[in-house]
Colleague: 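What follows is a structure written as structure tokens; I'll ask about it next.
Computation of the quantities below employed the complete heavy-atom set of this structure, encompassing side-chain atoms and omitting hydrogens, waters and symmetry-equivalent molecules.
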Amino acid sequence: MLIISGYMYIDPSVLELFMGELKLLANAVRQRDGNLSYNAAVEDYQTGSLLISERWVDQDALNAHLIKTDTVEFINRWQGKMKGELFKYDACNERGLMDG
């Protein structure tokens with residue numbers, strides 16, 4: 001499994017518009033083969049800071065998502081208006097929070 005996690009920064013003046021468009025994209029992404037979760041939460045409205053969390057079954061599923069028309073169009077529309085500090089992690093030992 002792959003985990004994508006980190007922060008996105010959006011100009012606060014367009015944050016509401018961005019979140020509306022992201023919600024539409026997220027609804028489609030969550031239906032894609034290989035997507036386990038796809039979430040964004042506003043951490044700070046004044047700075048436009050968002051916490052991003054995604055889970056994918058593998059790199060092929062993530063690659064397929066990244067070349068989908070709606071994903072590419074979203075990125076192109078917001079390029080230059082968003083900054084990201086996103087990282088990808090390989091998870092090989094998934095277990096419950098309280099499991100040893």
Colleague: Do Ile52 and Phe87 have side-chain heavy atoms sitting under 4.5 Å apart?
Modeller: no
Colleague: When you look at Met1 and Val57, which way does the side-chain contact (heavy atoms from CB on, under 4.5 Å) test go after all the steps?
Modeller: CA-CA 5 Å; Met1 173 179 38; Val57 295; over 6 Å; no
Colleague: Looking only at non-hydrogen atoms, find the nearest pair between Gly48 and Pro12 and report the distance.
Modeller: N-CG, 3.9 Å
Colleague: In Å and rounded to the nearest 0.5 Å, what is the CD1 to NZ distance from Ile10 to Lys83?
Modeller: 10.0 Å
Colleague: Mind listing the closest non-hydrogen atom pair of Leu51 and Gly6 along with its distance?
Modeller: CD1-O, 3.5 Å
Colleague: Give, for atom CG of Leu24 and atom CG of Asp70, the distance between the pair rounded to the nearest 0.5 Å.
Modeller: 10.0 Å
Colleague: Taking atom types as modelled, find out whether Thr71 and Arg32 have a side-chain donor-acceptor pair closer than 3.5 angstrom.
Modeller: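 The answer is yes; a qualifying pair exists.
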Colleague: Mind checking whether Ile4 and Leu62 have side chains closer than 4.5 Å, heavy atoms only?
Modeller: yes
Colleague: Taking Asp99 for its side chain and Gly96 for its backbone only, find out whether a donor-acceptor pair lies under 3.5 Å.
Modeller: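 Yes; judged by distance alone, with no hydrogens or angles, the pair exists.
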Colleague: Using modelled atom types only, decide if a donor and an acceptor are shared between the side chain of Arg55 and the backbone of Ser53 within a distance under 3.5 Å.
Modeller: no
Colleague: Check whether any side-chain heavy atom of Trp78 sits under 4.5 Å from a side-chain heavy atom of Val14, and report yes or no.
Modeller: yes
Colleague: With side-chain contact (heavy atoms from CB on, under 4.5 Å) as the criterion, how do His65 and Trp56 come out once you've worked through the C-alpha distance, each side chain's angles and the decisive distance to 0.1 Å?
Modeller: CA-CA 10 Å; His65 157 66; Trp56 297 89; 3.4 Å; yes
Colleague: Is the number of heavy atoms from other residues, nucleotides or ligands under 6.0 Å of Asn27 CG greater than 12?
Modeller: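 It does: Asn27 CG has more than 12 such atoms within range.
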Colleague: Looking at residues at least two apart in the chain, or sitting in another chain, which of them share a side chain to side chain donor-acceptor pair (under 3.5 Å) with Asp60?
Modeller: none
Colleague: Atom CG in Leu15, atom CD in Gln46: separation rounded to 0.5 Å?
Modeller: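 Nearest 0.5 Å value for the CG-CD distance: 11.5 Å.
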Colleague: Does one hydrophobic cluster hold both Leu25 and Val42, with members joined at side-chain heavy-atom distances below 4.5 Å?
Modeller: yes
Colleague: Please determine whether the number of non-hydrogen atoms from other residues, nucleotides or ligands lying under 6.0 Å from atom CD of Glu21 exceeds 12.
Modeller: yes
Colleague: For the residue pair Leu2 and Asp58, what are the closest heavy atoms and their distance?
Modeller: CD1-C, 3.7 Å
Colleague: Going only through I, L, V, M, F, W and Y residues with side-chain contacts under 4.5 Å, is there a path from Met8 to Leu17?
Modeller: yes
Colleague: Under 6.0 Å between ring centres: does that hold for Phe74 and Phe18?
Modeller: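 Yes.
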Colleague: Taking side chain to side chain donor-acceptor pair (under 3.5 Å) as the test, write out the residues that go with Asp11, two or more places apart.
Modeller: Ser13
Colleague: If you look at every heavy atom in Leu86 and Tyr7, which pair is closest and at what distance?
Modeller: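 Closest pair (atom of Leu86, atom of Tyr7, distance): CD2-N, 3.9 Å.
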Colleague: Looking at Ala40 and Met19, what are the two nearest heavy atoms and their distance?
Modeller: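 Taking Ala40 first and Met19 second, the nearest heavy atoms are O-CE, 4.2 Å.
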Colleague: State yes or no: do Tyr45 and Leu50 share one hydrophobic cluster built from I, L, V, M, F, W and Y residues joined by side-chain heavy-atom distances below 4.5 Å, directly or via other members?
Modeller: yes
Colleague: Taking only residues two or more places apart in sequence, or in another chain, which ones meet Gln59 in a side chain to side chain donor-acceptor pair (under 3.5 Å)?
Modeller: Asn63, Lys88
Colleague: Any side-chain heavy-atom pair from Glu85 and Tyr9 closer than 4.5 angstrom?
Modeller: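 Answer yes - side chains close enough.
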Colleague: Checking the side chain of Arg95 only, and the main-chain atoms of Gly100 only, is there a donor and an acceptor separated by less than 3.5 Å?
Modeller: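 Between the backbone of Gly100 and the side chain of Arg95 there is a qualifying donor-acceptor contact (under 3.5 Å).
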